[in-house]
Amino acid sequence: MYAFSILASLLATVSASPAPMPDGTSGVPAPTNWPCADSLRPHAHIIATPSTTQVGGLQAAYGEGGRAILTTNGYYSLWDFSNGGVALQPDCKPPYLWLNIDTVATEYRPVFWNKTQITTNWSSGYGSDIVAKGTKLYNTTSTFIACKAISAVKSTPWYLFLLTPTTVPLASAPSLKGFDTSTCVKTRLTVELGP
C-alpha cells in the first residue's frame, strides 16, 4: 500500500511539471492575447443621455471638418481616458482621435475631433458621463447642447457644443451662427460600459 501511495505521488508530480518549451527550456508559456491586450478591453459607444431627450441614444461620431456630432451610427471603439483626455483608440494602436473643446468660443463651445490632444480637463471612463472639469474660463460641467445646422437637408446631424455658464441667448451666440437654434437640446454624453 505504501509503495502505491509513493507511486501515485510521483505520478502527480510528473503530470504537474511544465512541458518543455520548443526552445528546450522548461516552463509554462505565457498566455497571449490575440491580437493584443487591447482585445480584452471593452469596446463601447459614447451616447447622448438621457434617453428622454430628442437626441437620447444617438452616438458620438466625426462630422464635417472634424466636428463632434451625434448620429445613429457612431464610433464603437476602445476609448483612452489618459492625461485628462477622451480619445478614440483603434485595437492595438495608439489613440487616434481626441475629443477637444474649442478654446476660442466663450459661451457655447464647439466640440471637435483632432489627431492632437488639446483638451486635458476631461474626466470620464466606461459607464460614466463625460465631464469638462473647471478651468479659468468655465466651471465644471457635463452639459452639452446638440443643434442642427441650418440646411435644406432634413437628415443633417446634431452638432455638439459644451454648454458653459452664459447669459447670451442661443440665437445671439456667435458660435451658433449657421445653426438652427430652435433645434438645440441639452444633453449629456455617456460612455457605455461595453459588452
Side-chain angles (χ1 to χ4, degrees), residues 38 41-51 53-149 156-166 170 173-176 178-179 183-195:
D38 284 346
R41 291 177 41 212
H43 288 66
H45 291 104
I46 293 177
I47 59 170
T49 56
S51 61
T53 66
Q54 192 172 358
V55 295
L58 294 179
Q59 304 156 3
Y62 185 95
E64 183 179 333
R67 290 296 307 272
I69 61 170
L70 293 174
T71 181
T72 56
N73 196 12
Y75 291 128
Y76 183 71
S77 179
L78 295 172
W79 298 98
D80 183 329
F81 305 106
S82 61
N83 303 318
V86 173
L88 173 76
Q89 183 178 0
D91 287 353
C92 310
K93 296 187 172 121
Y96 176 66
L97 287 173
W98 294 89
L99 188 63
N100 290 299
I101 303 166
D102 187 317
T103 57
V104 177
T106 57
E107 65 295 311
Y108 306 98
R109 296 172 181 272
V111 182
F112 61 97
W113 297 100
N114 193 299
K115 290 186 179 183
T116 304
Q117 181 182 10
I118 298 166
T119 302
T120 58
N121 63 307
W122 292 121
S123 174
S124 192
Y126 290 101
S128 300
D129 287 347
I130 296 177
V131 177
K133 294 189 288 187
T135 68
K136 293 185 298 188
L137 304 174
Y138 53 84
N139 297 327
T140 297
T141 182
S142 61
T143 305
F144 294 80
I145 60 169
C147 304
K148 288 195 170 249
T156 60
W158 295 89
Y159 289 83
L160 286 168
F161 299 83
L162 181 68
L163 180 58
T164 54
T166 183
L170 286 170
S175 61
L176 294 176
F179 290 88
T183 66
C184 296
V185 294
K186 286 184 181 180
T187 190
R188 292 187 319 270
L189 297 178
T190 304
V191 183
E192 292 178 317
L193 278 173

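Looking at heavy atoms from C-beta onward, Y96 lies out of side-chain contact with Y75 at the 4.5 angstrom threshold. Residues L163 and Y108 are in side-chain contact: their nearest non-hydrogen atoms beyond the backbone lie under 4.5 Å apart. Annotation: side chain of L160 is in contact with side chain of L70 (closest heavy-atom distance under 4.5 Å). The shortest distance between side-chain heavy atoms of I46 and V86 falls below 4.5 Å. No side-chain heavy atom of T187 sits under 4.5 Å from any side-chain heavy atom of L58. Side-chain contact check for I118 versus F112: some heavy-atom pair is nearer than 4.5 Å.
Scored by the side chain to side chain donor-acceptor pair (under 3.5 Å) test, S128 finds no partners at all (sequence neighbours excluded). Every residue was checked against the salt bridge (charged side-chain N to carboxylate O under 4.0 Å, His left out) condition with R67, not counting sequence neighbours, and none meets it.
In this structure, K148 forms a cation-pi arrangement with W158, its terminal cationic atom sitting closer than 6.0 Å to the ring centre and no more than 45° off the ring axis.
What you find for S142 and R188 is that their closest heavy atoms are O-CG, 3.4 Å. Between W122 and I130 the shortest heavy-atom distance is CE3-CG2, 3.3 Å.
Residues N73 and T71 bring no donor and acceptor atom of their side chains to less than 3.5 Å of each other.
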